[in-house]
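What follows is one structure encoded as structure tokens, with my remarks underneath.
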Amino acid sequence: MQAWQVHELGEPGEVMRLAHVERPTPGEGQVLLRVRAANINFPDALMCRGQYQVRPPLPFTPGVEICGETEDGRRVIANPALPHGGFAEYAVADAAALLPAPGALDDAEAAALHIGYQTGWFALHRRARLAAGETLLVHAAAGGVGSAAVQLGKAAGATVIGVAGGADKAAVARELGCDVVIDRREQDVVAAVKEATGGRGADVVFDPVGGEAYTQSAKTVAFEGRIVVVGFAGGAIPSPALNHALIKNYAILGLHWGLYNTKNPKLVQHCHEQLTELAARGAIKPLVSERVPLAGAADAVQRVADGATTGRVAVVPAAENGAAA
């Protein structure tokens with residue numbers, strides 16, 4: 001089969017190499033899956049660089065989120081068991097962690113439903129307890145994780161303010177349903193949020209960026225608001241001033257979604273049921289901006305790493321795999 005492999009660490013576009021390899025052999029409790037579509041996530045790029053908390057042995061195949069097909073023909077969502085990741089024709093995954101792919105979504109959309117939407121759901125509902133009528137501020141609103149948070153926020157009855165970088169991404173944020181869109185390249189984010197909220201600020205802030213975005217979050221969070229720290233796509237890990245949280249009465253919440261797979265896997269299943277229901281009634285639908293062939297995976301991962309994409313980019317190993325189920 002064909003699979004992308006990383007033999008040395010570095011930028012994805014330089015270290016990912018397409019090769020002919022043997023199909024992976026499932027271990028105990030694992031299953032072999034034919035990859036119908038693999039979604040690209042920022043952690044794929046971090047893994048290529050050796051900067052992610054999970055460091056598979058070299059050589060490894062990146063790709064942490066797929067829609068696959070079991071040997072008996074079931075269409076499932078899975079997180080491949082590294083080092084046999086999803087940017088390949090076949091991958092392996094833990095049988096106990098397979099989730100049914102929603103019939104309302106095609107392969108690429110289904111592949112994009114898992115990590116980003118689970119992250120958004122846990123951040124907004126489990127950690128921040130977002131309530132209908134509250135205001136949600138989403139950084140990187142046109143990105144993969146941010147776009148999921150926007151849709152989930154709207155589905156929960158919140159007023160959503162989206163921050164995006166540039167006119168194209170701002171347009172995508174509007175299409176996703178943001179009530180207010182702020183172009184951080186053209187506007188003062190702090191002033192714009194305060195204007196949009198009548199000076200009150202946002203009840204919940206969803207921050208997958210870090211750095212300057214976190215500084216803006218602390219300045220715009222409302223009294224008794226909640227900032228959910230989801231990641232650091234901007235590259236800089238902030239050092240929060242806890243005295244500021246104290247005098248302004250807000251909470252700083254961390255979210256590492258992957259921990260739920262071992263700490264509380266039943267909650268992951270419950271979340272998937274909620275997401276499947278939302279997808280069935282059209283309340284959420286992953287924004288797949290591109291579907292690229294397997295040969296284009298390295299370039300696509302690099303573009304995601306560079307922040308040059310909107311929504312999700314899916315790798316479809318075979319042309320017929322990109323059709324709707």
Side-chain angles (χ1 to χ4, degrees), residues 37-45 64-65 67 77 102 104-125 128 130 135-184 189 202 204-210 213 217 228 230-234 255 257 271 274-276 278-279 281-292 300-301 303-315:
N39 179 47
I40 298 175
N41 288 269
F42 194 68
D44 293 316
V64 296
E65 182 177 43
C67 175
I77 294 173
L105 304 178
D106 69 21
D107 294 337
E109 292 165 345
L113 183 74
H114 196 31
I115 296 175
Y117 280 83
Q118 288 251 350
T119 297
W121 188 91
F122 274 90
L124 301 184
H125 293 291
L130 178 69
T135 297
L136 167 66
L137 174 64
V138 179
H139 290 283
V145 179
S147 61
V150 168
Q151 292 184 352
L152 289 166
K154 290 299 296 178
T159 297
V160 180
I161 301 173
V163 179
D168 291 344
K169 292 189 176 184
V172 170
R174 288 190 192 90
E175 292 172 13
L176 286 165
C178 287
D179 298 281
V180 177
V181 176
I182 300 169
D183 183 346
R184 61 177 173 79
V189 173
V204 174
V205 181
F206 182 88
D207 184 6
V209 179
S217 300
V228 190
V230 181
F232 312 106
L255 175 68
W257 169 74
C271 175
Q274 298 293 307
L275 295 176
T276 299
L278 288 168
R281 58 185 174 93
I284 61 172
K285 185 181 179 70
L287 171 63
V288 180
S289 57
E290 294 181 64
R291 291 166 169 81
V292 301
V301 174
R303 287 187 290 115
V304 169
D306 294 339
T309 60
T310 56
R312 290 298 192 184
V313 179
V315 177

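- In plain terms, the two heavy atoms of Val160 and Gly153 that are nearest each other are CG2-C, 4.0 Å.
- For the pair Tyr117 and Leu152, the tightest heavy-atom approach, listed with the atom from each and the gap, is O-CD1, 3.5 Å.
- Atom CD of Gln274 sits about 10.0 Å away from atom CD1 of Ile284, to the nearest 0.5 Å.
- Atom NZ of Lys285 and atom CD of Gln151 lie 9.5 Å apart (nearest 0.5 Å).
- Across all their heavy atoms, Asp107 and Cys67 have their closest contact at O-CB, 3.4 Å.
- Interatomic distance, CG of Leu105 versus OG1 of Thr276, reported as 8.0 Å (0.5 Å rounding).
- Counting heavy atoms from C-beta outward, Pro102 and Ile77 have side chains that approach closer than 4.5 Å.
- Residue Asp183 comes nearest to Ala167 through the heavy atom pair OD2-N, 3.6 Å, listed as atom of the first residue, atom of the second, then distance.
- We find the CD1-CZ distance between Ile161 and Phe206 to be 15.5 Å, quoted to the nearest 0.5 Å.
- Here the closest non-hydrogen pair linking Ala283 and Ala155 is CB-CB, 4.3 Å.
- Each of Val315, Val313, Asp106 was scored for a side-chain contact (heavy atoms from CB on, under 4.5 Å) with Arg291, with one residue passing: Asp106.
- Interatomic distance, CG of Leu124 versus OG1 of Thr119, reported as 10.5 Å (0.5 Å rounding).
- Without hydrogens or angle criteria, Asn39 side chain to Ala314 main chain gives no donor-acceptor distance under 3.5 Å.
- Looking at heavy atoms from C-beta onward, Arg312 lies in side-chain contact with Asn41 at the 4.5 angstrom threshold.
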TODO: Would you check, one step at a time, whether the test side-chain contact (heavy atoms from CB on, under 4.5 Å) holds for Thr310 with Asp168?
DONE: CA-CA 9 Å; Thr310 56; Asp168 291 344; 5.9 Å; no
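- At a threshold of 4.5 Å between non-hydrogen side-chain atoms, the residues His114 and Leu275 do not count as touching.
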Task: side-chain contact (heavy atoms from CB on, under 4.5 Å) evaluation trace for Asp44 with Glu65 - done: CA-CA 10 Å; Asp44 293 316; Glu65 182 177 43; over 6 Å; no
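- Here the CG-NZ distance, from Leu176 to Lys169, works out to 12.5 Å after rounding to the nearest 0.5 Å.
- Minimum interatomic distance between Ala45 and Ala305 (heavy atoms only, all atoms of both residues): CB-CB, 3.5 Å.
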Task: side-chain contact (heavy atoms from CB on, under 4.5 Å) between Glu290 and Arg303, worked out - done: CA-CA 12 Å; Glu290 294 181 64; Arg303 287 187 290 115; 2.7 Å; yes
